[in-house]
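Data first, discussion second: the structure below is written as structure tokens.
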Amino acid sequence: MLNTARPEFCCLNTPTGSLWTEAGGRLKLSTVPQASHTPSATLSAALPNSDQGESPDDVALRVTQGNSSKLCQEPGLEGAQGSAQGVAWQASWQRATGEAPAASSHISVPSGPWQTTQGAPGCPPPSPCSRGIPRTMDSLGYNCFVDREKMDAAIQDLGPKELSCTELQELKQLARQGYWARSYALRAKVYQRLIRDIPCRTVTPDASVYSDIVGKIVGKHSSSSLPLPEFVDNTQVPSYCLNARGEGAVRKILLCIANQFPDISFCPALPAVVALLLHYSLDEAECFEKACRILACNEPGRKLVDQSFLAFESSCMTFGDLVNKYCQAAHKLMVAVSEDVLQVYADWQRWLFGELPLSHLARVFDVFLVEGYKVLYRVALALLRFFHKARAGQPPEPDSVRQDIRAFVRDIAKTVSPEKLLEKAFAIRLFSRKEIQLLQMANEKALKQKGITVKQKSVSLAKRQFVHLAVHADNFHSEIVSVKEMRDIWSWVPERFALCQPLLLFSSLQHGYSLTRFYFQCEGHEPTLLLIKTTQKEVCGAYLSTDWRERNKFGGKLGFFGTGECFVFRLQPEVQRYEWVVIKHPELTKAPLMPPETTPTPAVSTEPADRLSPFLSARHFNLPSKTESLFMAGGSDCLIIGGGGGQALFIDGDLNRGRTGHCDTFNNQALCSENFLVAAVEAWGFQDPDIQAHGQ
């Protein structure tokens with residue numbers, strides 16, 4: 001809910017003027033008649049004191065933009081004459097206008113940034129554009145950084161001028177519906193309030209800090225020639241509807257952010273975020289403060305912007321996992337046309353913060369500020385779905401798929417409206433926020449284990465290139481699947497394990513047809529891949545998330561274990577994968593068992609096999625029955641994959657006979673002939689390529 005604790009209000013620059021007020025405990029933005037802009041009109045502005053970094057020249061220039069010759073000065077000063085400070089203001093006014101101020105001029109700069117003078121309660125003040133440079137504001141209320149023609153073409157200002165709501169759920173619906181999307185003034189105020197309500201570190205840089213440091217950092221350099229901070233990773237500043245001054249201002253703000261946040265090491269999305277915020281800020285300093293609050297968010301479990309290479313890379317892997325589960329057709333295309341699919345998915349933030357036009361990005365950002373990071377995943381998945389649909393029958397060339405997706409997103413306004421994009425995004429029924437956090441933590445842990453925590457041009461690129469070359473003809477041999485088939489399977493596994501190479505743990509042709517030997521060879525490895533070939537040359541199998549050693553916890557009885565990352569598949573006679581039924585039918589789960597305020601934290605496993613995370617553990621969900629979470633079980637006389645109403649796979653203790661059928665856990669069809677004879681069984685583990693190289 002928007003914070004209504006502060007009673008102050010501020011004039012906003014619209015053709016009619018706008019006021020934030022409180023009515024019955026509800027935050028309300030309403031319009032007031034516009035004051036006459038005559039030379040004698042009194043102008044009031046929500047401005048900081050001069051001792052917060054605003055020079056006399058700035059105030060004088062701001063007022064002259066409104067063609068006013070009647071100024072207001074700080075309370076306690078009797079006009080522009082009579083003191084050294086008054087002389088300074090008088091000189092500034094004369095430099096700005098070419099004439100001396102009238103003797104009756106009374107200058108009053110309010111004591112706080114959200115106060116207005118009583119003389120003109122509805123007067124729209126000229127807006128500042130930056131601390132320390134002249135500011136202009138056109139008749140539509142755009143600041144001096146916005147290209148009016150571009151802005152009018154991108155987003156027409158036709159929307160409502162007031163917003164009144166008390167509940168977060170109501171605000172979420174209004175954001176999704178685009179309630180404030182067509183009102184420049186209303187969106188600017190909503191952004192200001194939403195960002196102000198973000199819980200931040202105790203010491204978070206604000207507008208006054210920007211005023212203090214910008215001159216020292218920028219110096220006499222031209223804004224357009226300023227270098228960008230290293231953490232943007234050579235990302236260009238998107239112009240959107242900014243003019244040349246606006247693009248230069250973004251560079252200044254980014255350099256000041258780098259000065260105040262030395263811990264940020266990798267944040268390629270920040271230039272786009274700052275550029276967007278500048279469209280809806282009174283000046284550079286306010287934009288700087290908004291960006292700082294987003295970066296300094298310290299609410300437990302709430303992430304707004306990735307600020308390190310580890311966080312960015314794990315987000316890319318998490319996005320890849322979500323594509324794998326929710327956009328399987330698009331994922332199949334990406335795997336087919338790209339040598340390294342993770343390189344394609346590494347662009348997902350660039351699609352949003354860089355390629356997406358302002359009309360679409362602003363709508364996404366509206367919802368993002370209310371609902372959080374998960375919205376970004378939703379929209380990126382929707383973009384990939386739209387791209388796949390648009391390219392149906394016209395697969396991109398392997399060396400151009402990344403550029404093709406970027407070009408599609410840049411031109412998306414030609415085919416997909418912002419409303420249609422969000423509609424598609426929210427039609428995707430994603431994991432809960434808690435489960436996505438767990439997946440993100442699992443991916444981060446996998447990267448840390450492999451030493452991938454910072455971007456190094458020589459090392460990290462080589463490791464990334466290696467991800468999807470793990471199954472190589474020179475180091476892979478199986479009696480059941482080909483190199484191509486194994487690569488297809490590898491494209492299905494979670495991204496954190498796609499970093500590994502396949503390691504043969506058990507082969508019935510080498511180790512014999514013994515379930516006991518199978519367990520012995522597999523124990524201590526997590527996850528594992530089970531492959532089965534029948535005497536009819538059918539091939540099926542399962543990805544198993546949990547160490548087979550877990551079966552010993554049941555005291556010799558047959559008990560199920562594992563997580564929702566398990567899946568079953570068949571390769572011959574046709575390829576088909578079946579995942580946990582809850583992924584495609586989340587309505588089966590009522591609500592997470594974890595309280596909403598609980599933030600999952602990595603737990604130290606007491607088991608010999610240290611799990612990466614409890615991601616998709618059945619205990620996180622209120623399932624109507626346990627039949628939807630029977631993943632894997634093993635006893636001395638049989639091995640079972642999938643249960644509830646049947647078994648996806650059943651193999652006897654001699655690894656000789658088996659059967660398959662529908663089960664509730666995977667909602668699958670038979671994976672091969674219902675009753676079959678086993679020709680070969682293999683179990684594969686996932687080995688870190690660095691460990692293998694070290695061993696050699």
Are L384 and V323 close enough, and set up right, to give a side-chain contact (heavy atoms from CB on, under 4.5 Å), and what steps lead you there?
CA-CA 9 Å; L384 195 59; V323 174; 3.6 Å; yes
For D488, side chain to side chain donor-acceptor pair (under 3.5 Å) partners two or more places apart:
K484
Take atom CZ in F520; do more than 12 heavy atoms of anything else shown fall under 6.0 Å from it?
no
Hey, is CZ on R577 packed in by over 12 heavy atoms from elsewhere, all under 6.0 Å?
yes
Can you list the steps and then say if R429 with H585 is a side-chain contact (heavy atoms from CB on, under 4.5 Å)?
CA-CA 8 Å; R429 308 182 70 175; H585 298 281; over 6 Å; no
Qualifying residues under side chain to side chain donor-acceptor pair (under 3.5 Å), relative to R378, sequence neighbours excluded
none
For F666, the ring pair (Phe, Tyr, Trp, His ring centres under 6.0 Å) test, sequence neighbours excluded, returns none
Would a line drawn from the ring center of W348 to the ring center of F353 be shorter than 6.0 Å?
no
Anything under 30° is parallel, anything over 60° is perpendicular, the rest tilted; go ahead and classify W490 against F686.
parallel
For residues 650-657, run the donor-acceptor check on the side chains, cut-off 3.5 Å, and write out each pair with its distance to 0.1 Å, sequence neighbours left out.
from, atom 1, to, atom 2, distance (Å)
D652, OD1, D654, N, 3.1
D652, OD1, L655, N, 2.9
D652, OD1, N656, N, 2.9
D652, OD2, R657, N, 3.1

Using only heavy-atom distances, determine whether the side chains of R517 and Q521 contain a donor-acceptor pair under 3.5 Å.
yes
Show which side-chain atoms of residues 634-648 pair as donor or acceptor with protein atoms under 3.5 Å away, not counting sequence neighbours.
from, atom 1, to, atom 2, distance (Å)
Q647, OE1, R659, NH2, 3.4

Return the set of residues passing side chain to side chain donor-acceptor pair (under 3.5 Å) with Q328 (not counting sequence neighbours), or none when no residue passes.
E579
Is it the case that the side chain of H511 and the backbone of S507 share a donor-acceptor pair, with hydrogens and angles ignored and the cut-off at 3.5 Å?
yes
Show every ring-ring contact (aromatic ring centres under 6.0 Å, His included) that has at least one partner inside residues 324-346, sequence neighbours left out.
F319-Y345, Y326-F431, H331-Y345
Could you tell me if the side chain of K374 sits less than 4.5 Å from the side chain of I436, heavy atoms only?
yes
Any side-chain heavy atom of R385 within less than 4.5 Å of one from I428?
yes
Can you see which heavy atom on A390 is nearest to which on F408, and at what distance?
CB-CE1, 3.8 Å
Does anything in residues 665-683 pair up under side chain to side chain donor-acceptor pair (under 3.5 Å), and if so which pairs, sequence neighbours excluded?
S478-E682, E538-S673, H662-N667, E682-W684
Candidate pair Q572 and K533, rule side-chain contact (heavy atoms from CB on, under 4.5 Å), full reasoning:
CA-CA 9 Å; Q572 298 290 345; K533 184 176 183 179; over 6 Å; no
Taken in chain and number order and not counting sequence neighbours, the residues that satisfy side chain to side chain donor-acceptor pair (under 3.5 Å) with D306 are K303, S315, Q349, Y373
In terms of heavy-atom contacts, L509 and Y513 come closest through CD2-OH, 3.6 Å
side-chain contact (heavy atoms from CB on, under 4.5 Å) between T528 and L530, intermediate numbers included
CA-CA 7 Å; T528 55; L530 173 67; over 6 Å; no
Can you list every pair that meets ring-ring contact (aromatic ring centres under 6.0 Å, His included) and has a residue in residues 433-454, with sequence neighbours left out?
none
Treating D547 as the side-chain partner and G524 as the backbone partner, does any N or O pair qualify as donor plus acceptor under 3.5 Å?
yes
Just to verify, what does R176 make a side-chain contact (heavy atoms from CB on, under 4.5 Å) with, not counting sequence neighbours?
K172, V367, E371, F426
Sequence neighbours excluded, the answer for ring pair (Phe, Tyr, Trp, His ring centres under 6.0 Å) partners of F386 is none
Quick one: closest heavy-atom pair of T546 and T563, and the distance?
OG1-N, 4.0 Å
V575 and F569, any side-chain heavy atoms less than 4.5 Å apart
no
Closest heavy-atom pair, A633 versus W548, reported as atoms and distance to 0.1 Å, is O-CZ3, 3.6 Å
